[in-house]
Amino acid sequence: MSSPARFDRGHTDDLMTFLAASPSPYHAVAGAAERLEKAGFRQLSETDAWDASAGGKFVLRGGAIIAWYVPEGASAHTPFRIVGAHTDSPNLRVKPLPDTGSQGWRQIAVEIYGGTLLNTWLDRDLGLAGRLTLRDGSERLVNVDRALLRVPQLAVHLDRSVNSDGLKLDKQRHMQPIWGLGEVQEGDLIAFLEEEEGLAAGSVAGWDLMVHSIEPPAYLGRDRELVAGPRMDNLISVHAGTAALAAVSTSDTLEYIPVLAAFDHEENGSQSDTGADGPLLGNVLERSVFARGGTYEDRARAFAGTVCLSSDTGHAVHPNYAERHDPTHHPRVNGGPILKVNVNQRYATDGSGRAVFAAACERAGVPWQTFVSNNSMPCGTTIGPITAARHGIQTVDIGVAILSMHSARELCGADDPFLLANSLVAFLEG
C-alpha cells in the first residue's frame with residue numbers, strides 16, 4: 001500500500017514561492033493547475049463531454065479551480081471529501097477608466113475590493129497584475145512585479161492630529177496611487193501593459209487588474225519561526241489543499257473521491273459564477289457522478305456521504321489586543337490548525353464535524369485548536385455556511401491562525417502551513 005509523505009518546513013518554503021507568484025486569483029489558479037499537472041492531473045473543458053476514466057482531473061474558470069481524483073473502481077455513489085478555499089484577497093482593483101490624476105501627478109483610478117485595511121497600502125511599493133482579455137477572446141496573465149505604483153500618505157506636518165486622533169482615509173479621495181508625472185492621457189495604462197506584454201497596440205479589449213505589494217514573503221523573528229507575506233488569506237489554504245490533493249493521488253487506500261474547490265470572490269460575498277454561492281462546485285460534482293454512469297439517486301447518495309473542510313485563515317490571539325478575543329479561546333501561531341465555531345452559523349462547524357476534523361488531525365499526528373469570537377465582537381464568515389446550505393453537504397470550518405488579516409502583508413507561524421497540509425491529507429484519505 002502507498003501512503004502520502006508528510007509535509008515539513010519545505011512545504012512552507014514552497015508556500016512562500018507560491019505567494020510571490022500569485023499576485024491575483026488568476027495567477028493562483030494557474031500555479032495550482034501547474035502543480036497538479038506535474039502530479040498527473042489533466043484539465044477538462046466544461047464544454048466537452050466527460051468520461052468515466054479514473055485519475056486526476058481539474059477545471060478552471062476565471063479565478064477558480066475545481067480538481068478531483070477518481071480512484072480505480074470508484075462507484076457512481078462514492079462520496080466526496082472536499083477541501084474548500086478561496087483565491088481572492090482584499091486589495092485595490094483598477095477601474096474601467098483607469099487613467100486619472102491632478103496637480104501634475106498621473107494616477108490610476110482604483111476601487112476598493114473586500115474589507116482591506118486601507119492604511120497598509122500606504123507608502124508601499126506596488127506592482128500591477130491580473131488578466132487581460134484580447135480582442136480575439138484569448139486571455140493573457142500579466143504581472144508587472146516592480147515598483148510601479150504608490151499611495152503616498154499625507155505628511156504629519158499637514159495632519160498634526162494623525163497620531164492622536166487616528167488616521168482617517170476616504171476610499172475615493174485618498175487611495176488613488178500615483179505612477180508618474182505629467183498630463184493625464186486616456187488609454188495610457190492599457191497601452192503600457194500592451195507594450196510590457198509585447199502585444200499590438202489596441203489588442204486589449206478588457207481587463208481585470210489589481211495592485212500588489214512587491215515585497216517578497218520572508219521568514220521573520222529571532223528563530224525564523226514566523227512568516228510575513230501577502231495574500232495568506234487565503235492562499236495558505238489553496239496551496240495546502242493543492243499539495244494535499246496531489247499527495248493523496250498516489251494512495252491506493254482512498255475511501256472517497258478527494259476534491260479541491262478553490263473559489264473566487266469570497267471577500268465580497270461569493271455571489272458570482274466563480275464564487276462558492278454559484279453553481280460551479282455542484283455542477284462539477286454532479287457531472288462526475290453522471291460520467292460514471294450514475295443516476296440522480298447516486299448523486300443524492302454521494303452528496304449525503306460527503307464532507308467539506310472549509311479552510312480559511314482565522315485570528316491568532318493578538319498580544320496587544322488580547323481583550324478582543326474570547327477569554328477562553330486564544331489560538332496561537334504554530335499551535336496547529338484551528339477549528340472555527342459559531343452557533344449563529346457564520347461558521348458551519350457542528351459537533352459531528354468537530355469529530356471528523358479531530359479524527360483527521362489525530363491520524364496525521366497534528367495538534368489543533370479552537371476559535372470562537374468574543375460575544376461582544378461581530379464574527380466574520382467563510383464559504384463554509386454557503387457550501388453547506390447550497391449543496392446540502394456537511395461542512396466544517398477550519399484554517400490557520402494569523403495576525404494582520406486583510407492587511408497588504410499578513411503574519412503566520414512557519415510550522416502551521418505544513419501542519420494544515422498534513423491534516424488535509426489525512427482528511428482526504430478518509
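Sequential numbering from 1 along the given sequence is applied to the chain's residues.
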Would you say the side-chain atoms of [X] pair up with the backbone N or O of [Y], donor to acceptor, closer than 3.5 Å?
{"X": "Gln176", "Y": "Gln172", "answer": "yes"}
{"X": "Ser22", "Y": "Leu19", "answer": "no"}
{"X": "His406", "Y": "Gly115", "answer": "yes"}
{"X": "Thr242", "Y": "Val238", "answer": "yes"}
{"X": "Glu410", "Y": "Met232", "answer": "yes"}
{"X": "Thr395", "Y": "Thr387", "answer": "no"}
{"X": "Lys57", "Y": "Ala54", "answer": "no"}
{"X": "Arg93", "Y": "Tyr113", "answer": "no"}
{"X": "His325", "Y": "Asn374", "answer": "no"}
{"X": "Asp88", "Y": "Glu266", "answer": "yes"}

I would like to know whether Asp264 and His86 meet side-chain hydrogen bond (donor to acceptor under 3.5 Å, both in side chains); could you show each step before the answer?
CA-CA 6 Å; Asp264 202 353; His86 67 89; over 6 Å; no
Do [Y] and [X] meet the salt-bridge criterion of a basic N to acidic O distance under 4.0 Å?
{"X": "Arg140", "Y": "Glu194", "answer": "no"}
{"X": "Asp14", "Y": "Arg35", "answer": "yes"}
{"X": "Glu139", "Y": "Arg131", "answer": "yes"}
{"X": "Glu215", "Y": "Arg409", "answer": "yes"}
{"X": "Asp415", "Y": "Arg9", "answer": "yes"}

Show the nearest heavy-atom pair for residues [X] and [Y], with the distance to one decimal.
{"X": "Ile178", "Y": "Gln107", "result": "CG2-CG, 3.7 Å"}
{"X": "Thr274", "Y": "Arg61", "result": "CG2-O, 3.1 Å"}
{"X": "Gln394", "Y": "Gly353", "result": "NE2-N, 3.4 Å"}
{"X": "Asn334", "Y": "Ala414", "result": "OD1-N, 3.2 Å"}
{"X": "Ala20", "Y": "Pro23", "result": "O-CD, 4.3 Å"}
{"X": "Thr382", "Y": "Lys340", "result": "CG2-NZ, 3.7 Å"}

Is any side-chain heavy atom of [X] closer than 4.5 Å to a side-chain heavy atom of [Y]?
{"X": "Leu285", "Y": "Ile82", "value": "yes"}
{"X": "Trp68", "Y": "Leu260", "value": "no"}
{"X": "Pro71", "Y": "Tyr256", "value": "no"}
{"X": "Leu199", "Y": "Val204", "value": "yes"}
{"X": "Phe192", "Y": "Leu148", "value": "yes"}
{"X": "Glu267", "Y": "Thr116", "value": "no"}
{"X": "Leu36", "Y": "Leu245", "value": "yes"}
{"X": "Ile65", "Y": "Val59", "value": "no"}

Start with the C-alpha distance between Thr100 and Ile108, add both sets of side-chain angles, then the distance that settles side-chain contact (heavy atoms from CB on, under 4.5 Å), and finish with yes or no.
CA-CA 6 Å; Thr100 188; Ile108 301 301; 5.8 Å; no
If you round to the nearest 0.5 Å, how far is [atom2] of [Y] from [atom1] of [X]?
{"X": "Leu118", "Y": "Leu169", "atom1": "CG", "atom2": "CG", "answer": "5.5 Å"}
{"X": "Ser373", "Y": "Asn344", "atom1": "OG", "atom2": "CG", "answer": "10.0 Å"}
{"X": "Asp145", "Y": "Asp125", "atom1": "CG", "atom2": "CG", "answer": "11.0 Å"}
{"X": "Leu428", "Y": "Leu254", "atom1": "CG", "atom2": "CG", "answer": "8.5 Å"}
{"X": "Leu128", "Y": "Trp179", "atom1": "CG", "atom2": "CH2", "answer": "8.5 Å"}
{"X": "Met405", "Y": "Thr313", "atom1": "CE", "atom2": "OG1", "answer": "3.5 Å"}

Aromatic ring pairing Tyr347/Phe371, orientation class (parallel under 30°, perpendicular over 60°, tilted between):
perpendicular
With a sphere of 6.0 Å drawn around [atom1] of [X], does it hold more than 12 non-hydrogen atoms of other residues, nucleotides or ligands?
{"X": "Asp170", "atom1": "CG", "answer": "yes"}
{"X": "Lys95", "atom1": "NZ", "answer": "yes"}
{"X": "Glu72", "atom1": "CD", "answer": "no"}
{"X": "Arg390", "atom1": "CZ", "answer": "yes"}
{"X": "Glu196", "atom1": "CD", "answer": "yes"}
{"X": "Trp207", "atom1": "CH2", "answer": "yes"}

I'd like to know if the side chain of [X] pairs up with that of [Y] as donor and acceptor (distance under 3.5 Å, no hydrogens or angles considered).
{"X": "Asp397", "Y": "Ser310", "value": "yes"}
{"X": "Ser270", "Y": "His265", "value": "no"}
{"X": "His212", "Y": "Asn91", "value": "no"}
{"X": "Arg231", "Y": "Ser24", "value": "no"}

Would Tyr26 and Met210 count as a side-chain contact (heavy atoms from CB on, under 4.5 Å) here? Give the steps.
CA-CA 11 Å; Tyr26 314 110; Met210 57 206 72; 4.1 Å; yes
For the pair Leu309 and Phe357, evaluate side-chain contact (heavy atoms from CB on, under 4.5 Å) and give the outcome as yes or no after the intermediate values.
CA-CA 8 Å; Leu309 287 190; Phe357 180 62; 4.3 Å; yes
Apply side-chain contact (heavy atoms from CB on, under 4.5 Å) to residues Leu193 and Glu195 and explain how you reach the verdict.
CA-CA 5 Å; Leu193 294 175; Glu195 184 176 353; over 6 Å; no
Working note: His11 + His239, criterion ring-ring contact (aromatic ring centres under 6.0 Å, His included); need CA distance, chi angles, decisive distance, verdict.
CA-CA 9 Å; His11 176 89; His239 178 259; 4.5 Å; yes
